[in-house]
Amino acid sequence: MPLWLLGTIVVVGLIAVWIASRFYGYDEPLTLDEEAAKREFIADNPGLVPEEVRLAATGQSALIHAGGRLHVLWVMGQDVATHVLDAPQIIPTNSGLVLTLRDFAAPRVKLTLAPEEAATWTALIEDAA
Amino acid sequence: MDLAQLTYPDVVTLAVPFFVAAILIEMTWIFIANRGGRYEVRDAMTSLAMGVGNVASGTLLGFVAFGFFMWLWRITPLDLGTSWWVIALCFVLDDLRYYWVHRFGHRVRWVWASHVNHHSSQHYNLTTALRQTWTGTFTFMMIVRAPLVLMGFHPAMILFVGGLNLIYQFWIHTEAIGKMPRWVEAVMNTPSHHRVHHGRNPRYLDANYAGVFIIWDRMFGTFVPELEDERPDYGLVHNIGTFNPLRVAFHEWVAIFRDWTQPGVTWRDRFLYAVMPPGWRHDGTGGGSDALKARYVEANPDTAGTPGLEPGRLGSDRRRPL
């Protein structure tokens, strides 16, 4: 197959999948309640049990105490990722906070938080450091 | 026939339009039936980007493996020819080769660094099949194909059957198909068997490495059936938090490099960081899938001895986070 034809099929295919995903609503983000956040955290951190969960008002992120350490959980599409907070840099933004992590895969986590929430979370993260 | 000029169709490239059509059909089926899997736009686009990158890296670096095979072809005195039964035998033996390379891909961290991206999606649909490595050449796993060439299978034939193997594995990345007829499930790799392979449930870890024929797992003791009452939870034991294809492709290589450059590690530790299973730590604080299974059985004693959690699959529980 000529390269130009393969390239055309790939580009058209990518666009078609993107359009179909949007049309079918496959871009709706997951919204968590506290129980769901706990469940997702346990699934992603075998052996750890959440002791305290502070869920963001958006239901898109949470701070979780487990195993004597503070963790952040955030929604990625219809799923979540979690990371232990090991003295991250905390950057305030107009929409909440950005945390910088020592992780090549996820070096920055954007958290959408109300101003009061952002202040509380900042204090909690700094206390845990 | 001049075997030096032997060529076969590039079947993977020819299958690309089929891949695209099948993905669109699966997406539509899930939308209409409201079952049979999940899609997420960024996850799907990341998987497709990984597929495109895989083709690009194969184009750029494929000469390394092919050059190695052609060198072996020149030195081997054996030539099995090109008859249909030779192609069929080559297909079966190359599938055995695939089983072992895939098993190394989960049990040797250097190879896992390349393969991990395929398991980095938390979804299991046809796009996941295309979430392929960009760094396979650097694992040097082409060496495992050397015996085939030395036995007299032409390199072009080996790459041809390898392409067929890859195409076969496309359709098994779906939740839209339940279980196949019993004889198919007994012999072939199926969506059910491969869902197990992508599950991060402790019982499903390090199981079902097959490409086309599930018989290899049955022969070598790595087969675990999909249980009706335990759906696979897809993804990595600890998922990565990115949809960025560059980070997906290289994150484990970077992790190895960081382990190598941390203070206090010896050259022996560095070697072991590359060849031991994922999760190994030089200070004993790590633990891989075996320890995870052991911990799970300890917390759920009634599961002991059930599929995937037999005594031989359990490691020692080091009581530390994985």
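For the numbers below, each heavy atom of this structure counts, side chains included, while hydrogens, waters and symmetry mates do not. Chain letters run A, B, ... following the sequence lines, proteins first, then strands; residues in each count from 1.
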When B:Asp10, B:Asn239, B:Val20 are compared by non-hydrogen pairs under 4.5 Å with chain A, the top option: B:Asn239
Distance-minimising heavy-atom pair for A:Leu6 and B:Val16: CD1-CG2, 3.8 Å
Polar side-chain atom of A:Tyr26 near backbone of B:Met27 as donor-acceptor pair, under 3.5 Å: yes
Residue selection (most heavy-atom pairs with chain A, distance under 4.5 Å) from B:Glu40, B:His251, B:Arg38: B:Glu40
Part of B:Phe19 lying under 4.5 Å from any heavy atom of chain A: neither
A:Asp127 CG: over 12 foreign heavy atoms closer than 6.0 Å: yes
Members of residues 97-109 of chain A whose heavy atoms come closer than 4.5 Å to chain B: A:Arg102, A:Asp103, A:Phe104, A:Ala105, A:Ala106, A:Pro107
More than 12 heavy atoms from other groups under 6.0 Å of CD on A:Glu51: yes
B:Leu246 versus chain A, the contacting section by heavy-atom distance below 4.5 Å: backbone
Part of residues 75-87 of chain A lying next to chain B, heavy-atom separation under 4.5 Å: A:Met76, A:Gly77, A:Gln78, A:Asp79, A:Val80, A:Ala81, A:Thr82
Side chain, backbone, both or neither of B:Thr28 within contact of chain A (heavy atoms, under 4.5 Å): both
Heavy-atom contact with chain A under 4.5 Å, split by part of B:Tyr296: neither
Whether over 12 other heavy atoms sit under 6.0 Å from A:Arg54 CZ: no
Between OH on residue A:Tyr24 and CG on residue B:Leu24, distance to nearest 0.5 Å: 7.5 Å
Contacting region of A:Leu14 [heavy-atom separation from chain B under 4.5 Å]: both
For B:Thr13 against A:Met1, the heavy-atom pair lying closest together: O-CE, 3.5 Å
Toward chain A, the part of B:Leu14 with a non-hydrogen atom under 4.5 Å: both
